Amino acid sequence: MGDILTNKFLQKAAFDAKSVNGALLKLGIRPVDLTDDVMVAAYILDPGRTNYPIDFLAQAYLDTDIARSIPDGIDEAAFRTAELADITARVAPVLREKLRSNDQERVYAEIELPTIDVLAEMELVGMKVDGDALIRFAADIKQQLEALSDRLFAIAGREFNIGSPKQVGEVFAELNIETGKKTATGQISTSHDVLVELAQTYEIAQLIIDYREMDKLRATYAEALPKLIRDDGRIHGCLNQTVAATGRLSSTDPNLQNIPVRTTLGQEIRRSFIPEKGNKLISADYSQLELRILAHITQDAVMTNAFRDGEDIHANTARLVFGATDEKDLKEKRRLAKIVNFGIAYAVEAFGLSTRVGISRAEARKVIDDYFATYKGIRKYMDDIPQQAKRDGFVKSLFGRRRYFPSINDRNFTVRARQEREAINMPIQGTASDIVKIAMINVDKALRNEKLETKMIMQVHDELLFEAPVNEIEQASAIIKREMETAAKLDVPLIVEVGVGDNWMDAK
DNA sequence: CCTGACTCGC
DNA sequence: ATGCGAGTCAGGT
């Protein structure tokens, strides 16, 4: 069996090769020369679907159905396995032809197929987590939550479930606290933004903010993660390749792409991600990856030159768009510029910007107009892409990844506007995904060529995380930085910042 | 078991 | 009424 699977002269098609290869890797077999993964191929053809079951592939690409009943005397599992193999082998060439006619052979063969084995290996290696530290943290935070509950009940004049937005709204009504903001279903909104506003006047609002943060850390991280640590002291999560419509990876069981980093308390969680004895963690982050891609795609001269000159892009925006002059002025305006720069990639409109920055709609309108007056190429892109999506039905990344927009001509403004924003964002986020996947493939190959023990253990969209023996740190860091920065050749430089530490927090 | 509200990340 | 995800809890089926 191993001989067949590693024979380079045989063509092999699989359905969900990561699962198959993951099982083989555990047996010490490293399969080579995989010709097709029909699940991944179907994802590239239409990444907007939620799943790609074999019955869908049979129906959509072979115009056949899977068997509705199993013949007498045949084991059901065995029958379905054989059927899966049969459909996989028959659908593979059909998908390949569609990819070829879409000009998507390279994104498939040079990006997605090689990514499969890298992900299988990462899942197998896993991440070491200090479970005892998390359990201590959970116990500590639980005490603080109880103290907070007592104070909240005293202010409310009664007990209530602080974790229930409905009940929090009821308590606010009883205390005559209101903002008038409602949720989509007509409930009183107790969202973070609303609470921050109320916290100016009411202590209870700040206490609920604090309670929510701590309870989130307790339930989602401090208590959940230790249960997932296996006998090897590591968490082996799942990296999904066929979920995100833009080409990004996603992470489940657990989600290791949303480990806290922002707040001091949350950073305690991140510190529990550690290397094996004699190793360190290396974190490598792309600096401003999406904005650099935006500059490249739009060919905007001002933004492109700013990146070429190695400028601080947010400070640059603060000076050019908001007219910041002295240092004091710059600090505040840079903060604003940063929010606008991020918002632009998401096609923010005046209304959204005004609520986020806390300015009037007219002021937000002016900010956006000034922004487009400075970055003229970006305005043109924002106008052109929705038209392209309307004309072709899809837009694509720099490497040919596509996303379709079936409702971009919808008569409903909200539906149509949403698809326009998605279309504007996709080439940016999609190209970033392409580049990071190429980097993963190249770094993995380079580490292997150099016979290093350093292992890639996580990807968080624009960051790659590695575990490295201490004696390899320097060499591995140099390889990682080099391969990531040269993963794509754009009209602006790609810059990667590398950090080393004894936990994930200190490596950043 | 599903949906909505909320919060974590990029 | 800024893009892409995942998990938890409450509350209802």
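Quick note on labels: first sequence line is chain A, next is B, and so on, each numbered from 1. Treat the numbers as computed from the prediction; the structure is a model and nothing was measured.
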Round to the nearest Å and state the distance from [X] atom [atom1] to [N] atom [atom2].
X: A:L225; N: C:dT8; atom1: CG; atom2: C1'; result: 13 Å
X: A:E170; N: C:dA10; atom1: CD; atom2: C1'; result: 12 Å
X: A:L256; N: C:dG7; atom1: CG; atom2: P; result: 10 Å
X: A:I208; N: C:dC9; atom1: CD1; atom2: C1'; result: 15 Å
X: A:I339; N: C:dG3; atom1: CD1; atom2: C1'; result: 16 Å
X: A:F160; N: C:dC9; atom1: CZ; atom2: C1'; result: 15 Å
X: A:L291; N: C:dG3; atom1: CG; atom2: P; result: 17 Å
X: A:E223; N: C:dG7; atom1: CD; atom2: P; result: 17 Å

query = With respect to A:Q257, which candidate in A:E463, A:Q459, A:R248 satisfies the side chain to side chain donor-acceptor pair (under 3.5 Å) definition?
reply =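 Going through the options one by one, the only one that passes is A:Q459.
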Touch check for [X], heavy atoms < 4.0 angstrom, all strands: base, sugar-phosphate only, or nothing?
X: A:A219; value: sugar-phosphate
X: A:G343; value: base
X: A:T190; value: sugar-phosphate
X: A:I259; value: sugar-phosphate
X: A:Q429; value: base
X: A:S354; value: nothing
X: A:D253; value: sugar-phosphate
X: A:N425; value: sugar-phosphate
X: A:E213; value: sugar-phosphate
X: A:S433; value: nothing
X: A:A432; value: nothing

task = Tell me which nucleotide among C:dC4, C:dG3, C:dA6 gets nearest to the side chain of A:A244.
result =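 The nucleotide sitting nearest to the side chain is C:dC4.
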message = From the set C:dG5, C:dC4, C:dA1, return the single nucleotide nearest to any side-chain atom of A:F351.
response =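 That would be C:dA1.
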message = Aromatic contact between A:Y375 and A:Y371, with the criterion being ring centroids under 6.0 Å apart: yes or no?
response =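 Centroid distance A:Y375-A:Y371: below 6.0 Å, so yes.
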ask   = Are A:F405 and A:F394 an aromatic pair by the rule of ring centers under 6.0 Å?
value =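 No.
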ask   = Can you tell me if the side-chain N/O atoms of A:R403 get under 4.0 Å from OP1 or OP2 in C:dG3?
value =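 Indeed not, no polar side-chain atom of A:R403 lies that close.
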query = Within less than 4.0 Å of OP1 or OP2 of C:dC4, is there a side-chain N or O belonging to A:R248?
reply =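 Indeed not, no polar side-chain atom of A:R248 lies that close.
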Polar pairs (N or O, both sides) under 3.5 Å between protein and nucleotides 11-13 of chain C?
| residue | atom | partner | partner atom | Å |
| --- | --- | --- | --- | --- |
| C:dG11 | OP1 | A:S164 | OG | 2.6 |
| C:dG11 | OP1 | A:Q167 | NE2 | 3.2 |

salt_bridge(A:E363, A:K366) N-O dist < 4.0 Å =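 The answer is no: the pair does not qualify as a salt bridge.
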Ion pair A:E467/A:K128, N-O distance below 4.0 Å =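 The answer is no: the pair does not qualify as a salt bridge.
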task = Please list, in 5' to 3' order, the outermost nucleotides of DNA chain B lying under 4.0 Å from any heavy atom of chain A.
result =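 Going 5' to 3' along DNA chain B, contacts run B:dG4 to B:dC10.
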ask   = Does the A:N240 side chain pair with the main chain of A:T242, one donor and one acceptor, at a distance under 3.5 Å?
value =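 Checking the backbone N and O of A:T242 against the side chain of A:N240, no donor-acceptor pair under 3.5 Å is found.
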message = Looking at A:R106, I want to see if its CZ is surrounded by more than 12 non-hydrogen atoms of other residues, nucleotides or ligands under 6.0 Å.
response =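 Incorrect, the count does not exceed 12.
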task = May I ask you to test the A:T190-A:R212 pair for a side-chain heavy-atom distance under 4.5 Å?
result =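 SC-SC contact between A:T190 and A:R212 confirmed.
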ask   = Going by atom types alone, do A:D384 and A:Q388 pair a side-chain donor with an acceptor below 3.5 Å?
value =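 There is no such pair (donor and acceptor under 3.5 Å, judged by atom type) between the side chains of A:D384 and A:Q388.
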message = Working note: A:D215 + A:R218, criterion salt bridge (Lys or Arg N to Asp or Glu O under 4.0 Å); need CA distance, chi angles, decisive distance, verdict.
response = CA-CA 5 Å; A:D215 203 46; A:R218 178 195 62 78; 2.9 Å; yes
key: Cation-pi check, A:R49 onto A:F56 ring (under 6.0 Å, within 45° of axis)   =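 Verdict for A:F56: a cation-pi partner in A:R49.
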